[in-house]
Amino acid sequence: MAAPKTIPPFHPISAPDYLPHDQLRELQSRRLIHMVKRAYEKVELYRNRMNKMGVTPDDIQSIDDIVKLPFTMKVDLRDTYPYGMFASPLKDIVRLHASSGTTGKPIVVAYTKEDLEVWDEVVARSLVGYGVTSQDIVQNAYGYGLFTGGLGLHGGASALGCTVVPISGGNTERQIMIMRDFNVTCCSATPSYFVHIIDKAHRMGINMRDLPIKFGVFGAEPWSEEVRHYIEEEAGIRAFNIYGLSEILGPGVGAECCFQDGMHIFEDHFFPEIIDPATGEPLPDGTEGELVLSTLSKEAMPMLRYRTRDITTIDVEQCPCGRTIRRIRPIRRRSDDMLIVRGVNVFPSQIETGILRVEGASPHFQIVLEKGADGLDRIEVKVEATDAAVDDTVRSVEQFQQKIQQSISQIIGLSVRVTLVQPYTLIRSEGKVNRVVDNRNK
Ligand code: AMP
Ligand code: ZN
């Protein structure tokens, strides 16, 4: 049975979510001043960069001064690989994680004991917002290891007192058996992997709606409202979004509350700004742009104005749940996952939305880009057929393909070719999914 749509009881760990505005600003200012001093003293890259801009820690007197600070980018973490951004000596660092970049070396991130405590706290605050309690049994199907998802969720769920099943990703049949036998009430995973779990359960003859699971905690990759609807209907749960990135922490930088309408950023620890990705100019709340995050309390690896590449908007309105910390809109795209097809900007999430607007369509798809003989880009979308949507006649297949084609074209403004493929033939991911095959330069 899905979790009810009511405001869960207050839990003291979430007190900072409700700080009056002035107190929150005061706390942010205090933490920023301290953090910048440390970063300047301990990290050469920050010191050099601030000196170059003519900014010293003394110029930072309140949170409003944050715009005086230089940006940090992923390339800075690569250039200082592996330990160059650390502000604490290795003896104080108790954990390292790494995030695989698209090319070459991973980026390395570090945590002191206190950093891990903050991580546990913000993940616990995320879970409390959904309505998860110490009574819940949490099956954590995020990958354990260098990826921050597994251990991040694990720490927070344990801190809240949940019963954690540290199953990690993969071995889907066993996931379903355990979900059923252990009476699991909450599952955390990437949304694409959970869709796969639903699929597998169908094939095993298990209706997930009959199981006691009621909460889903999904993040680490973009997912659309249509996928949320699919998951909630098929599994009979409420599906909640959690956001984070290794450079700042991992999961738990922000999370939805019971209203499922934007993710609250835990801004007593991570300060959000929106900038114009082209010029770097700060933009007011309510405007879409690139999310920039600064850590306010991180010790091992402070981040000054980290450019996330994630595109979103900070909400101007306060959430009806009563939290004073601001919300960001769900992240559907990154400034670097944009495909340029015949000069038109296309995001994989738009294609997902187009597919799932067609009733009975499967959420399993792949985008293949090719160069035609005429030198023009062609975009093909392979979508798995479902029994619900087509019978065995050629006509019904063609009609269904056309329906999806039209639905996608309406959103992206380009013609696409949709090909239905046999069910269960497209690659499934156990972690973050990659749906794009670009053969244009081959
Ligand atoms: P990593 O540090 O490797 O876990 O990757 C972090 C990136 O994953 C973020 O910058 C986002 O692009 C993406 N991400 C994480 N959580 C979400 C989410 N809830 N919705 C959309 N994208 C997400
Ligand atoms: Zn809220």
Side-chain angles (χ1 to χ4, degrees), residues 1-3 97 100 123 126-127 130 132-221 223 227-228 230-242 250-252 362-366 384 386-387 422-435:
M1 200 190 39
H97 280 280
S100 52
V123 172
S126 307
L127 297 171
Y130 309 150
V132 173
T133 69
S134 59
Q135 306 285 320
D136 281 292
I137 304 176
V138 180
Q139 178 160 343
N140 186 17
Y142 274 118
Y144 280 66
L146 288 178
F147 171 53
T148 51
L151 282 163
L153 251 294
H154 183 107
S158 304
L160 188 60
C162 304
T163 308
V164 184
V165 184
I167 190 163
S168 195
N171 202 340
T172 312
E173 281 189 20
R174 196 174 57 142
Q175 298 266 1
I176 294 159
M177 182 190 79
I178 283 184
M179 199 177 280
R180 185 182 56 189
D181 296 351
F182 291 14
N183 285 327
V184 165
T185 55
C186 173
C187 180
S188 44
T190 59
S192 55
Y193 186 50
F194 196 77
V195 166
H196 178 46
I197 292 180
I198 290 175
D199 243 38
K200 190 68 158 205
H202 274 169
R203 283 203 279 169
M204 290 163 69
I206 292 171
N207 182 351
M208 292 202 30
R209 299 186 69 97
D210 296 338
L211 305 182
I213 178 166
K214 52 188 175 181
F215 299 100
V217 181
F218 304 122
E221 63 187 11
W223 50 307
V227 164
R228 183 189 331 246
Y230 176 86
I231 291 176
E232 293 195 334
E233 285 301 308
E234 295 292 319
I237 62 174
R238 288 188 77 201
F240 292 97
N241 209 342
I242 188 161
S362 153
H364 296 290
F365 69 97
Q366 189 178 52
E384 289 187 358
T386 53
D387 295 342
Q422 289 294 327
Y424 313 112
T425 51
L426 296 178
I427 290 182
R428 301 288 196 264
S429 88
E430 288 165 5
K432 295 186 192 234
V433 66
N434 179 13
R435 303 194 191 273

Check whether any side-chain heavy atom of [X] sits under 4.5 Å from a side-chain heavy atom of [Y], and report yes or no.
| X | Y | value |
| --- | --- | --- |
| Ser188 | Val138 | yes |
| Ile197 | Met179 | yes |
| Gln175 | Lys200 | no |
| Thr386 | Pro423 | no |
| Met208 | Glu234 | no |
| Leu160 | Thr133 | no |
| Arg174 | Ile167 | yes |
| Val184 | Leu211 | no |

Closest heavy-atom pair and its distance - [X], [Y]:
| X | Y | value |
| --- | --- | --- |
| Ser158 | Val164 | OG-CG2, 3.7 Å |
| Thr190 | Ala220 | CG2-CB, 4.1 Å |
| Pro191 | Gly219 | CD-O, 3.4 Å |
| Cys187 | Ile213 | CB-CD1, 3.6 Å |
| Cys186 | Val217 | SG-CG2, 3.8 Å |
| Gly143 | Ser168 | CA-OG, 3.5 Å |

### Message
Enumerate the side chain to side chain donor-acceptor pair (under 3.5 Å) contacts for residues 176-186, please, sequence neighbours excluded, ordered by first and then second residue.
### Response
Asp136-Thr185
Tell me every residue that passes side-chain hydrogen bond (donor to acceptor under 3.5 Å, both in side chains) with [X], counting only those two or more places apart in sequence or in another chain.
| X | result |
| --- | --- |
| Gln366 | none |
| Tyr193 | Thr172 |
| Ser362 | none |
| Tyr144 | Asn140, His154 |

Non-neighbouring partners of [X] that pass side chain to side chain contact (heavy atoms under 4.5 Å, CB included), sequence neighbours left out:
| X | answer |
| --- | --- |
| Arg428 | His196, Asp199, His364, Glu384, Tyr424, Leu426 |
| Ser429 | Ser192, Val433 |
| Glu232 | Arg228, Arg238, Ala239, Gln260 |
| Pro363 | Val195, Tyr230, Leu356 |

### Query
Distance from Ile206 atom CD1 to Glu173 atom CD, nearest 0.5 Å?
9.0 Å
#### Entry: From Asn434 atom CG to Ile427 atom CD1, the distance as rounded to the nearest 0.5 Å
9.5 Å
### Task
Determine whether the aromatic ring centres of Tyr130 and Phe240 lie less than 6.0 Å apart.
yes
### Query
For Cys162 and Ile137, what are the C-alpha separation, side-chain angles and deciding distance, and is it a side-chain contact (heavy atoms from CB on, under 4.5 Å)?
CA-CA 6 Å; Cys162 304; Ile137 304 176; over 6 Å; no
### Query
Residues two or more places apart in sequence or in another chain: which of them pass ring-ring contact (aromatic ring centres under 6.0 Å, His included) with Phe218?
Phe194, Trp223
